[in-house]
Amino acid sequence: MATMRQTELRYNPAELDQKWQARWEATGIYRVRDDDPRPKWYELTMYPYPSGDLHIGHWYAMAPADAHARFRHMQGYNVLHPMGFDAFGLPAENAAIKRGIHPYVWTMSNIENMRRQLRSMGAIYDWSREIVCCLPEYYKWNQWLFLKFYQAGLAYRALAAANWCDSCQTTLANEQVVNGLCERCDTTVYRREMEQWFLRTTRYADKLLQMDEIDWPEKIKTMQRNWIGRSEGVQISFDLSHLGLQEREIATFTTRIDTIYGVTLMVLAPEHPLVAKLTTPDRKAEVEAYVLQARRQTEVERLSTEREKTGVFLGSYCVNRLNGERVPLFIADYALLTYGTGAVMGVPAHDQRDYDFAKRYGLPVRVVVASPGWRGEELAQAWVGPGVMVNSGPFNGLPSDEAKGRIAGHIEGGKWGRRTVSYHMRDWLVSRQRYWGTPIPVIYCDHCGMLPVREEDLPVLLPEDAEFRPTGESPLKLHQGFFNTTCHQCHGPARRETDTLDTFFDSSWYFLRYASPHEDQAPFDPALARQWCPVDQYTGGAEHAVMHLLYARFFTKVMRDLGIVSFGEPFLRLYNQGTIIAGGAKMSKSRGNVVAPDEYVQALGADVVRAYLMFLGPWEQGGDWSDSGINGMARWLNRVWELAQRDPQELDASPVVMGKAEADRLRIPIGAEHQKKVRELQRAIHKTVKRVIADLDRFKFNTALAALMELTNAMARAWEQGGVDSATWREGVEKLLLLLAPMAPHITEELWERTGHAYSIHQQALPQWDEALAADEVITLVVQVNGKVRDRLQVPADISEEEAKRLALASPRVQSFTQGKRVEKLVYVPGKLVSVVVE
RNA sequence: GCCGAAGUGGCGGAAUGGUAGACGCGACGGUCUCAAAAACCGUUGGGGGGCAACUCCCGUGUCGGUUCGACUCCGACCUUCGGCACCA
C-alpha cells in the first residue's frame, strides 16, 4: 500500500471518523431501546471468532451488513444490529500451549483489540448488548440448555466410533469432517471407539427438512436437504433361524424393495455386531484379518469411490423369505455400520456396487426389473432405472414402481419388515476433549451413577488454572479440584464430566441472547425474545450451511417443543455474501496479498473502505480488492465533499436563472431553457432516489453507489452549464447525502452538519421520490429493421402507437433499408421501440 | 460421478426478452506546474470506409434452436468455482 499513488483528500478522514464516532457514542443514538414504538427489525451478521485482528474479510462481511441495517433504520424500523464474539474454541487453547498465555487472557485481549477495530468501522452496534460466550454469564445458559435437552431425552451419552482428529486431540462432529479430513486443520480423521455425548438431531430430521417458512438461498436449502439425506424405503429381515442363534433374523434397509427377488448376496459392515456369530470356524481367520484391515483404514481411504469392492465370505447364509432362497453372507467395507441397519441386501443386477462386488466374487446376477429393451441377455452393468418385473414370483409383469408398494405391503403382511425412512444425517457429537469450552454439567457418582448437575448448582465453572498439555483427554481430567466433586444426591465422592461442548453449541442460540444480553435468571427474557426474535435478516458466509445454520435451526425447533420459544425458525431471511480476494487469489500470508484494513482506514477513512468494499461487485459474488480501485472511491467521496459544500446562491446569479427572475417580474412566460434544466436535474434526483432504495433493499450496494455517482456527475454538469436554481440544487445535495449515509456514515454526517442541517443524518427518514418527477418526458425510440438498430428518435414519452410507427417508417435512415421492400410486420413496444420487418 | 452457480472490453463489473459495455479502475492525450504528485477536462470493445459531419460490419465461453428482436429463454458441449460423494 505504501507504494500506491494515493488520492489526497480535501478533508482529514481520521479526524472526521473520530469526531463522529465520539459524538454518536456520547449522544447514544445507536442505543437500542426495547420500548421503541416503531416496528422492530432484527438484522444479524454472524459473530466473529476473536482471532485478535479484524481482517478485510470481516470488513467485507460486516460493513455492508451495517449499511443494510442503517438503511432499514432510516426506513423507520427499530433496528437491532448487535455484535459479539464467538469466544470459545481451539486457537485460544493452542496459544496457551504454545506461548503459555491463559486462553482467557488471550481471548479477552483479542476481543479488546477487535472491539477497537470494529469501532473504527463506524457501525451502529450497540455495545451495551455485546455478548462474549466464554464468560460464565453466557455459558451458564449453555449448561442450562444442555440439561433441558438431557431431560427431554435429546442429549445422550453413548459408545460410538467417533471422528478423532489427532492434531486437535479431540472428537469432531460429522459435519466437521470434510472428505475425511478435519475441517479445521486438514488432518486425517480416524474412527475411534469412545464414550461421547450426542444431541439427537436425527429426531428432528423431518422437521429440519421443512423450509417453507424461511426465505433462504436455494443453494443453502439444497445443501441442508442433501446433508439430511432422507430416503424412504423398507426395512426387511432375512431369516437366520436355521443357524440356531439367539438372533433369529438379520435386518437390512433398502430403497429398492422391488428388487428383492434379485438378492444374491448380503453384505454386512465389518463392524456389524453379528459378524462374529455368523462366521463359520473355517472362515474365521480370513474374516478377522479383513475386519482388522478395515478398521485400520482412514476415512479417506475408505471413502475413495474409485476403489475396488472387496469383502470376505462369512461361510453362512441367511434366507430371503419371499422366495425361500439361501443368500450368502459377506462383510465388505462399502457397507457402513452407521447407515440404515449396517447390512445391505445385494442386488447385483440393479445396483452398480453390488454388481462390481458380484463380478469380483463370481456371484449370480439375476435380472428382476427388465429395462425396456432387455431380451434376457447378460448385463454389462447394473440397470438402476425402472422397468417391468420379471423373475419375481407373483409380481411378474408389474411396472417396478407399482411393485414397490405391493411388495412392501406383502412384507408388512407377513411381518417380515415395514416401510421406514433412513437419513444420511447422524446425531450431533457435541463433546470435545479440550479445556476451552463449556463444561458439560454432569457428574458420575460411584453410588448413584451418572447424574445431571442440579440447575441451582450452575454454572459449572471452568477452573482458572489448568494444564493445557494435550493428552487426548480433557485437561480438566488432570485438575483435581475440578475433577473431584461431591454427589448432590448421596453426598459421597463423585467425578465430574471433563469433556466440554462443541463451540457450535454456543452459536446455536446466541441470537436469542442479544434480545436481553444481561438477563441472569434465564438464557433470555422470554418477553424480549418474543419481541425481537426471530432474526429478520441474517447475513454471513455460506460455509456454515450444514453446521451452524443447521444446528441453530435444530436448537430453535427443540426450544419451541420445550416451550422455551414460540417460533420454529431462528433466521427468517438469509443472505450469503461472497468472499473477498486480492489480485484474483485468495488472501493468505504465504501469498503476501493480505490486505490490512487498518492502514486504509487510517489513510483514507472508514467511509472510503466501507464504500469501496460495497462497490467492488455484487456482494453475494465476492470481490477482488485492488489498491488502485480504492482510489476511485476516495476520489468520488472527495468530489461529494466539494460538491455538497458549494454555495448554491451562485446558481441564482447565472444568466439563465436571472432571466427567469426577470421574466417573473415582468410577468412574461419564463425561460424555457431554465425550466428544462431544472426538470433535467429534478428527474436525475428522483430517478436516483428510486434506484438506490430498490438496490439497497436487495443488497445491491454496487449499483446503488453507481447510481449515486451518476447523480454527482449530473449535478456537476448542471452546475457547469448553469440554469438550475439553488432550491433544486439543495434538494440534490440533501438527497444525495441521505442516500449515501448508510454506506458512508461519517462524511455524510459531517456534510449534513455543514449544509446547515440538524444532528443527526442517521436519524432522518430516507428521501421519497415522486414518480411523476422521475418520469421521462422525452424518450429515445429505437427503430429496428429486421432486428438491427437503424435509428434512434427522440419522441414524447406519451407518443401514440400510430405516431411512433409513422415516425419510424418516415425516418430516412430506416428508409434506406426498407426502400423498395414490402413491410411484412411492425412491432411496437411502448416507450421502447418500433421493429420493422421487411421481406 | 451427481447437484448447483458462473463465463460480457486491458481489469472489477452493468444491463434478465427491446440502444450491450452503466459506474469505476487502468491506459492514452490535454490543462495547471520549473517539474512531479494530486486535481480537472477529453478519448478509450474490435475491424473497415470517408477530407469531414459520419457510416457500415463483427462482437456477451462454443455450437445449434425459439423470436420481429437473445448477454437474457430452450437444447447440447467446453471451462471455472462451490457443494455432495460407496447413504444401500
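Just so you know, these numbers use all the heavy atoms, side chains as well, and skip hydrogens, waters and symmetry mates. Letters go in sequence order (proteins before strands), and every chain restarts at 1.
Across B:C68, B:A88, B:C58, the shortest atom-to-atom separation from the side chain of A:Ser835 is found for B:C68. Each of B:A39, B:C68, B:A88 was ranked by its minimum atom distance to the side chain of A:Val827; first place goes to B:C68. Among the nucleotides B:A38, B:C3, B:A85, the one closest to any side-chain atom of A:Glu8 is B:A38. Of the candidate nucleotides B:C68, B:U19, B:G18, B:G18 has the atom lying nearest to any side-chain atom of A:Leu833.
Taking atom NZ of residue A:Lys359 and atom P of nucleotide B:C86, one finds them 24 Å apart after rounding to whole Å. Residue A:Asn226 contributes atom CG, which lies 16 Å from atom C1' of B:C86 at whole-angstrom precision. Put simply, CE on A:Met223 is 10 Å from P on B:A85, counting in whole angstrom units. Distance CD (A:Gln794) to P (B:U19): 14 Å, rounded to an integer number of Å. The CG-P distance, from A:Asn174 to B:A85, rounds to 10 Å in whole Å. If you take NZ of A:Lys832 and C1' of B:A15, they are 11 Å apart, rounded to a whole angstrom. B:G1 atom P lies 15 Å from atom CG of A:Asp356, rounded to whole Å. One interatomic measurement links the two molecules: CD of A:Glu183 to P of B:C84, which rounds to 10 Å at whole-angstrom precision.
For the P atoms, the distance linking B:G21 with B:G10 amounts to 15 Å, nearest Å. Atom C1' of B:G7 sits at a distance of 46 Å from the matching atom of B:A35, rounded to the whole Å. Taking atom P in both B:U16 and B:A38, one finds a spacing of 36 Å when rounded to whole Å. On the P atoms, B:C28 is 14 Å away from B:A36, given to the nearest whole Å. If you take atom C1' in B:A20 and the same atom in B:G46, they sit 14 Å apart, rounded to whole Å. Nucleotides B:A88 and B:C71 place their P atoms 43 Å apart, quoted to the nearest Å. Comparing B:G1 with B:G9, their P atoms sit 29 Å apart, to the nearest whole Å. Taking the C1' atom of each, B:U19 and B:A6 are spaced 26 Å apart, rounded to whole Å.
Using Watson-Crick or G-U wobble geometry with both donor-acceptor distances under 3.5 Å, B:G64 finds its partner in B:C74. With a cut-off of 3.5 Å on both Watson-Crick or G-U wobble distances, the partner of B:G82 is given as B:C3. When Watson-Crick and G-U wobble pairs are counted only if both distances are under 3.5 Å, B:A22 pairs with no nucleotide at all. Here B:A39 sits opposite B:U31 as a Watson-Crick or G-U wobble pair (both hydrogen-bonding atom distances under 3.5 Å). Applying the Watson-Crick and G-U wobble criteria (two distances, each under 3.5 Å), B:A15 pairs with nothing in any strand.
A salt bridge does not link A:Arg191 to A:Glu271: none of the charged nitrogens lies less than 4.0 Å from a carboxylate oxygen. The existence of a salt bridge linking A:Glu650 and A:Arg646 is excluded, since no basic side-chain nitrogen approaches an acidic carboxylate oxygen closer than 4.0 Å. Using a 4.0 Å cut-off between charged nitrogen and carboxylate oxygen, A:Asp791 and A:Arg813 count as a salt-bridge pair. At a threshold of 4.0 Å, the pair A:Lys687-A:Asp776 counts as salt-bridged, since one of the basic side-chain nitrogens sits closer than that to a carboxylate oxygen.
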Would you list the protein and nucleotides 20-24 of chain B atom pairs, both N or O, that sit under 3.5 Å from each other?
from  : atom 1 : to       : atom 2 : distance (Å)
B:A22 : O2'    : A:Glu710 : OE2    : 3.0
B:G24 : OP1    : A:Asn713 : ND2    : 3.4

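With no hydrogens or angles considered, no side-chain donor-acceptor pair links A:Tyr334 and A:Asp356 at under 3.5 Å. Counting only N and O atoms by type, the side chains of A:Thr310 and A:Tyr290 include a donor and acceptor under 3.5 Å apart. Between A:Tyr339 and A:Ser231, the side chains place a donor N or O and an acceptor N or O closer than 3.5 Å (distance only, hydrogens not considered).
Contact of the A:His272 side chain with the A:Ile331 side chain is not registered, since no non-hydrogen atoms from C-beta on lie closer than 4.5 Å. Between A:Asn638 and A:Glu642, every side-chain heavy-atom pair lies at or beyond the 4.5 Å cut-off.
Nearest-nucleotide mapping onto RNA chain B: of A:Glu720 and A:Thr341, the residue sitting toward the 5' end is A:Glu720. Two residues, A:Trp227 and A:Gly340, neighbour RNA chain B, and the one matched to the more 5' nucleotide by heavy-atom proximity is A:Trp227.
Nucleic acid contact for A:Leu616: sugar-phosphate only, since backbone atoms but no base atoms lie under 4.0 Å from a heavy atom of the residue. The residue A:Arg426 sits close to a base: some heavy atom pair falls under 4.0 Å. Counting any heavy atom pair closer than 4.0 Å across all strands shown, A:Val837 reaches sugar-phosphate atoms only and no base atom. No engagement by A:Thr338 is indicated, since no non-hydrogen atom pair under 4.0 Å with the nucleic acid exists.
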- Yes or no on side-chain hydrogen bond (donor to acceptor under 3.5 Å, both in side chains) for A:Arg691 and A:Thr703, after CA distance, side-chain angles and deciding distance? CA-CA 9 Å; A:Arg691 276 176 66 186; A:Thr703 48; over 6 Å; no
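Dashed line: the shortest gap from a side-chain N or O of A:His350 to OP1 or OP2 of B:A88 is not under 4.0 Å. At B:G69, none of the side-chain N or O atoms of A:Arg790 fall inside 4.0 Å of OP1 or OP2 (strictly under the cut-off). Phosphate proximity of B:C68 to A:Lys825: present, with a side-chain N or O under 4.0 Å from OP1 or OP2. Residue A:Ser231 places at least one side-chain N or O under 4.0 Å from the OP1 or OP2 atom of B:A88.
Syn is the conformation of B:G9, whose glycosidic angle sits no further than 90° from 0.
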